[in-house]
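Structure first, commentary second.
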Amino acid sequence: MASTLLVALLFAAASAARPNIFAVIIDDFGWGNVGFHRTDGSKEVQTPNMDALVKQGVLLNRHYVHMMCTPSRSSFQSGRLPVHVQLTLAGPCCAQSGIPRNMTTIAAKMASAGYDTHFVGKWDAGSATPQHTPFGRGYRTSLNYFSHGNWAWTQAAWEGSYVNRTALPVPGVRDLWDTTGPANKLNGTGFEEDLFFNRISTIINGHSPSRPLFLVYAARMVHYPLQVPLEFQQRFSFIDEPHRRMYAAMVSSLDFQIGRIQALLAARGLWENTLMVLTADNGGYVEEVAPCNLTSPHGIECFSGEAGASNFPLRGGKYSPFEGGIRSNAFVSGGFLPDAVRGTTQNGIVHIADWYHTFCGLAGVDPTDHAAARAGLPPIDSLDVWPLLSGRNNTSPRTEILVREDTLVQGRYKLIVGDITHAGWAGPQYPNMTSEGKEVMRVNLTCNPGCLFDVQADPTEHHNLAPGQPARLHTMLARLRTLNSTIWRRHMPPEDPACNATAYSRYGGFLGPWLHLSSQERAVHRHRED
């Protein structure tokens, strides 16, 4: 009896010493669409909650991600650079999409350390088998969708942007999953971010302080299609261009969501021992400007083209290797941060993959992925950045990032080779009524043998240093060739028709796993016993 009590007391003490972790991943979030990156006082940018969290935390000025969502999300969950886990976009019906089953994810690591693990929002890291789902990856509960995006009011799977279409499409297969099965009781009952908040509220209010909390909220905002409740649209009725108006309204809605989650954590007494990490998965989209539906029951809805964001003053955006595509909005906040670092800006390099090792270090668990090693898969690339963020040292352990085979970040420099699209710059009010046909995506740059930028002194990448620094150029070209030999390449097959067929035959019209389903019954059985 005494030994049991001692074990319980030791476990409680260890839990108290470890922080709750609240990780937020924002979708397609433009650098110029947040107040903490704007100095012009634009009334189009209204993010008071995030701005306050930055003032209480540490702004990460050089936090890098991939330029597309599936690679960034797979990187976060697996602790690998995208070149070592998932380098391309891949939808939920691709059997090889996302993280290989034999890679251990961050949720599994945190669960092994005694954390109560939950996932809410966009997954986009594979769903072929039950083991690929958030629950299969170590999250005790999840309310999620599997695709790149879905429709906010119907939760129908988003099939990609249309070209010059304004009529709302007929909803197809649904994409909303509740831990081990389709979320058919929630589907169509409200705006999706409200559904997510209700689930997060249940998690936080039901959380026992005897265990540390690991909560990942991967917001639907601000991905296409552009949809948001009317009350937020009306705040920005002064913006004439509909994509920009909707994007600003969605960001405002996102900020409101983050504020009320932070308030919940504070009300439950959890915030003072919480480390909050917020990052975008890539820069904002700067694609075609196309007509919106202006007569929807929900106000404006934009789903044709892919525009609305601004990465001002950075170059490029989503899908590009310029800073506007891969340098993400990011900060850390929460009561767990030491007082000495609050209100500071950190210019050291951090990659989204680095949160894996950092969280493992805070949880007191070995970050090594032994299962992946046994399967012959790449090891983690993640580095522990907590000593940097907490002020224990002044330099980042990360000095370089192989972004993809044509892009290398090394210290203050970036090398890009080849023919690159999305090479333009957005202005402070972008897109606007004259943007059509002149979008950022339409600007091309040829880098032969390479373009070299000092992204510390010149974050907007206006000045190609290659002609004046041939030695550095050739040194980085050689390093790029060396690192390219480490890229983990795998075949991405076409979408499997069995995926949608299983959605209708097994899940009542909802996307879900379609391979190795015998293990799903065992997973569901275990879940119901817990």
Keeping the roles fixed (side chain from Glu306, backbone from Tyr224), state whether a donor-acceptor pair exists under 3.5 Å. no
Quiz item: Can you tell me if Asp458 uses its side chain to pair, donor with acceptor, with the backbone of His462 under 3.5 Å?
Solution: yes
**Message:** Check this for me: does any side-chain nitrogen of one of Glu287 and Lys318 sit under 4.0 Å from a carboxylate oxygen of the other?
**Reply:** no
Taking Asn329 for the side chain and Gly30 for the main chain, is one N or O donor matched with an acceptor at less than 3.5 Å?
yes
Taking the basic N atoms (NZ, or NE/NH1/NH2) and the acidic carboxylate oxygens, is any pair closer than 4.0 Å for Glu323 and Arg315? no
Check: Just by modelled atom types, is the Phe197 backbone N or O under 3.5 Å from a matching donor or acceptor in the Ser201 side chain?
Finding: no
Flag the pair Ile401 / Ile349 as yes when at least one side-chain heavy-atom distance between them is below 4.5 Å, and no otherwise. yes
- When you check the gap from the basic side-chain N to the acidic O, do Arg398 and Asp354 get nearer than 4.0 Å? yes
Do Leu388 and Asn393 come within less than 4.5 Å of each other through their side chains, counting heavy atoms only? yes
Take Phe303 and Trp151 through the test ring pair (Phe, Tyr, Trp, His ring centres under 6.0 Å) and record every step on the way to the result.
CA-CA 10 Å; Phe303 46 88; Trp151 292 77; 5.4 Å; yes
- Where the side chain of Trp425 meets the backbone of Thr460, is there a donor-acceptor pair that is under 3.5 Å apart? yes
Donor-acceptor pair, side chain of Ser320 and main chain of Gly317, under 3.5 angstrom: yes
So does Arg244 get a backbone contact from the side chain of Glu241, meaning a donor-acceptor N/O pair under 3.5 Å?
yes
- Counting distance only, does the side-chain N/O of Gln86 pair as donor-acceptor with the main-chain N or O of Gly98 below 3.5 Å? yes
Exactly one of Val34, Asp51, Asn49 clears side-chain contact (heavy atoms from CB on, under 4.5 Å) with Asp255, and that residue is Asn49
Q) Do Val85 and Pro378 touch side chain to side chain, with heavy atoms closer than 4.5 Å? A) no
For Arg260, is there an ion pair with Asp194 - N to carboxylate O distance below 4.0 angstrom? yes
Thr407 side chain to Arg404 backbone, donor-acceptor under 3.5 Å = no
Do the side chains of Arg327 and Glu461 get close enough for a salt bridge, i.e. N-O under 4.0 angstrom?
no
